[in-house]
Structure formats: C-alpha cells, structure tokens
Amino acid sequence: MSRLSAIRGMNDILPDATPRWQQLETALKSLMQRYGYREIRLPVVEPTALFKRAIGEVTDIVEKEMYCFEDRSGESITLRPEGTAGCVRACLEHGLTHNQSPKLWYTGPMFRYERPQKGRYRQFHQFGIETFGQAGADMDAELIILTARLWRELGLSDAVTLELNSLGELDARAAFRQALVTYLEQFRTQLDDDSQRRLTTNPLRILDSKDQNTQAILRDAPQLADYLDDGSKAHFAELCAHLDACGVRYRINPNLVRGLDYYNKTVFEWVTTALGAQGTVCAGGRYDGLVAQLGGQATPAVGCAMGLERLVLLMDAVAASTAEAEADVFVMGLGEGTSTAALALCEQLHNALPNARIVYNCGGGSVKSQFRKADKSGATVALVLGESEVAAHTVAVKWLREQREQVTCTQAQVADVVRDALAMSTQ
Ligand code: ATP
Ligand code: MG
C-alpha cells in the first residue's frame, strides 16, 4: 500500500526544529507582556464573506489564494489567510473596542493557496499584533519600536532593515490611483502580464512589480507622495521623528504599497536579503477604515504580522554564520602511516602556538569525511599530511573560510604560516 504524505505546502515541524520555534515564541510572548499587550485566540475558519469584505475582492489573497469550502449546511467558510479580519470581527462581536483601546496579539496557522517554495507555504504561521482606538503616530511608532527590540533580542538586528511609506487617506489614494492608471494606460501593452491585469483590478500593486520594463515605465509615473493629504504628511513626519528619537533606522520606500486593501497612512515592512525572494519577515500598517467597514463605529487601528517560518529560517541562517568555532586548526593524516607525523605536527604547533585550538582528527577516514569534519569544526585552516607530504617533510595548508589557493610548506615553516592565517581571520 502506498504511504500517505502531508498536503503540498503544509509542513511538519520536527523535534529538531521545535527548539528554535519555542525560542522565538517565548521571546515574542515576553515582549508582548513587557509592553502591555494582551493575547486573543481566534478561530482558524471564518465566514468567506469576512475576508472578501476586509481584505478586498481584487487582492491576490482573495482572488486566488484562499482555501474556501462549503460546510455541510452549504455555508461558504474559509481557512483564514491572515489574522486582522478575524481579530476585528471578534472585537466587534464582543465589544472590545467600545470605550477601550485594546492592544492585542495572536499567533497561529494561516492558509494561502500559493506556489510552495522556500519561505512560502500553504500553511504557515504568523504572529500578529493589532491595536485599536489610537489615531496618533505614537501608536505606529511603538509598534515599530517594539519589533526593532525583538530583532535585537533575537540577534537579528544586522539581518533586517525597515522600509516605510505613507499611503495617505483613502481619498488621496483614489486620486493617485486615477492618475497612475491614466499614465500607465499609455503603455498598457508594454507592461508585464500581471501588471496589465492589475491596471483594472489593483493598480497600486503595479508599483512593486519586479519586471524591469514595467519598472522603467514607472520611473516617470506620478508619485504617491505628491498626492498625500496634509494630515497624512504630518502623521508620517511625526512617525519618522519618533523613530529617529528612539534610534530606529528606516528607509522610505515610495513604492511600498502592501497587498491588502485596508491600509491607509503608514505602511511598513521589515525585510532581509538573507532568505532570497521571500525577504519580508514582518509587515504592517494603519487601517483606520476597517472597523467601520466591518460594521463597527469608526475606530483607528494599526497592526502588523510576522511570518514565523521566515523568522526561524533567518535565525538559523544567522546562527550558522556566527556559530562558535570549536577549532582554529584542523589536522588530518591521509593514508597509511601518516598518523605519527600528524600527531608530531600537532605537538609542534601546540608548543609554538599555545593559545590556538588545534584539533587532531583521530582515526583518519576518507578525504571527504575528514574535510566535512574540518568544515564543521569551524577551523580557519586544515593541515593535510598525505604520504607524499610525510616523505618530503612538508604540509599542505588549506584555507577553509576564504577563496585562496592551497599552499605546501615545510614542517619547519608551518607554525609561521598558521600564525599568519589566524591573525588574518580574526581581523
Ligand atoms: P509576500 O509579499 O511575501 O507574499 P504578503 O504581503 O502576502 O507577503 P502579509 O499578508 O502581509 O504578506 O503577511 C505578513 C507576513 O506573513 C509576510 O511578511 C510573511 O512574512 C508572512 N507570509 C505571508 N504569506 C506567507 C506564506 N505563504 N508562507 C510563509 N509566510 C508567509
Ligand atoms: Mg503574498
């Protein structure tokens, strides 16, 4: 009988991986507690209509990524593709935003029917933060500042950068949208296929097209910044001032628009170059219109969501690049009768370089397996003694961390060569 396997794009997270997940989840929960945010737990399925209304009919998510089903009574239900819509629904249903300004977080699986690849899955996990009732830029700032602290606590600060933009109020955006469409219509046939389709559905998304030709056409397009209303401009300036004061660095990216319809004013993304194309690890913004759009009283709101798979990948990548090396020098004998010479060489080096960590590979092994061990040890150089080196009283020196030709030196010279190599690699 054939064995069953998991559904494409839906991952098992195995015991070797769970410690990293737990480390991330613990850091997130601790952070939320220290900033006075409270947890909310939400259903994994919601009525399909909720997402259509909240996210927007013509967004990528609603158009082609949702897992929709009919349940046994014929109601259309959807596995949640994101958490904001459900969170707003729950707040309205339970009156949480009535005379209160809750700061909330949630975490759990989300579902999108996308093409699976590294950092992009059909079931993935988000940690989301949503705040309600605060219209001021101090709220946007706090949200960004606390995510910056998270990166520091996880050792990821050097691996991520913050991109920031303002979309303005809905009216300003609509005026810009019209101007953009009018401009792009002239070049319709030269745009990439996706952008041609978006011209009538979601033209703002054309701004972050990866197509070179489309980007060239966009160079002379109307700029969103020129359409911003004064209120949004002032809000954005205030946000930037808060971030400056708290030492959070950012890059203003005028093409950052985000894929969901409900954003206004601030949008931001934390991005990394370490994960290839799936570089956004946290994304968010202000959505002052959504609560009213879902039937509540007008309530300003701002939130963000992090992709936990991408953060785990990033933590692994950073850990791998900074892993504590166990050795400086890895010594290996290759072939019959080389171990005596290798041991003697190690002793010579321990005498000459008392602070260096010199690891001798007992038991020999194939070239491949010894080099694998050498690499894993974190050593800067490998010293190789084959039968010909032993006969000639020489050593082959191989650099393991940089592109550099292997050299052969005499055993009398080797201590000096190693001393130089180690001094260089610690610069
Ligand atoms: P992308 O541009 O990468 O498709 P998005 O704009 O669709 O992202 P959001 O809806 O803002 O993403 O979701 C917030 C975060 O959730 C993303 O920044 C990313 O880290 C993560 N995320 C989104 N979709 C996926 C997915 N299919 N697999 C894994 N993580 C995802
Ligand atoms: Mg997406």
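Treat the numbers as computed from the prediction; the structure is a model and nothing was measured. Counting convention: from 1, in listed order, for ligands and their atoms alike.
Heavy atoms of E309 found under 4.0 angstrom from ligand 1: none, in either backbone or side chain. With a heavy-atom cut-off of 4.0 Å, D60 does not touch ligand 1 at all. When heavy-atom distances to ligand 1 are checked against a 4.0 Å cut-off, R258 comes that close only through its side chain, counted from C-beta outward.
The aromatic rings of W105 and F127 sit parallel, their planes meeting at an angle under 30°, below the 60° perpendicular limit.
At the shortest separation from atom 28 (N) of ligand 1 among protein heavy atoms lies Y121 N, 2.9 Å. Protein heavy atom nearest atom 1 (P) of ligand 1, with residue, atom name and distance: R120 NH2, 3.7 Å. Summary of contacts: the protein heavy atom closest to atom 20 (O) of ligand 1 is T280 O, 2.8 Å.
The ligand atoms of ligand 1 that sit less than 4.0 angstrom from a heavy atom of V281 are 20 (O). Remark: ligand 1 atoms within the under-4.0 Å shell around heavy atoms of A305 are 14 (C), 15 (C).
Not a single N or O atom of E269, backbone or side chain, sits closer than 3.5 Å to an N or O atom of ligand 1.
Ligand 1 is approached by Q126 to a heavy-atom distance shorter than 4.0 Å.
Of the candidates P81, G119, G307, it is G119 that places a heavy atom closest to atom 29 (C) of ligand 1. Comparing E82, R112, H125, K118 by heavy-atom distance to atom 10 (O) of ligand 1, the nearest is R112. Comparing Y263, F111, F124 against atom 30 (N) of ligand 1, the shortest heavy-atom distance belongs to F124.
Using a 4.0 Å cut-off between charged nitrogen and carboxylate oxygen, D194 and R197 count as a salt-bridge pair. Salt bridge absent: D158 and R152 never bring a charged side-chain N and a carboxylate O closer than 4.0 Å. Ionic pairing of E82 and R112 is not present here: no N-O contact between side-chain nitrogen and carboxylate oxygen is shorter than 4.0 angstrom.
Donor-acceptor pairing under 3.5 Å is recorded for the side chains of S209 and D192.
Within 4.0 Å of atom 8 (O) of ligand 1, not a single protein heavy atom is present.
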Report, one line per pair, each donor and acceptor closer than 3.5 Å where one atom sits in a side chain of residues 2-17; sequence neighbours left out.
none

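Residues satisfying the side chain to side chain contact (heavy atoms under 4.5 Å, CB included) test with A305, not counting sequence neighbours, are Q126.
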Quick one: do Y287 and Q293 satisfy side-chain hydrogen bond (donor to acceptor under 3.5 Å, both in side chains)? Show the steps, please.
CA-CA 10 Å; Y287 51 96; Q293 199 180 310; over 6 Å; no

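Remark: of the listed residues K265, R286, K233, K265 is the sole one forming a salt bridge (charged side-chain N to carboxylate O under 4.0 Å, His left out) with E169.
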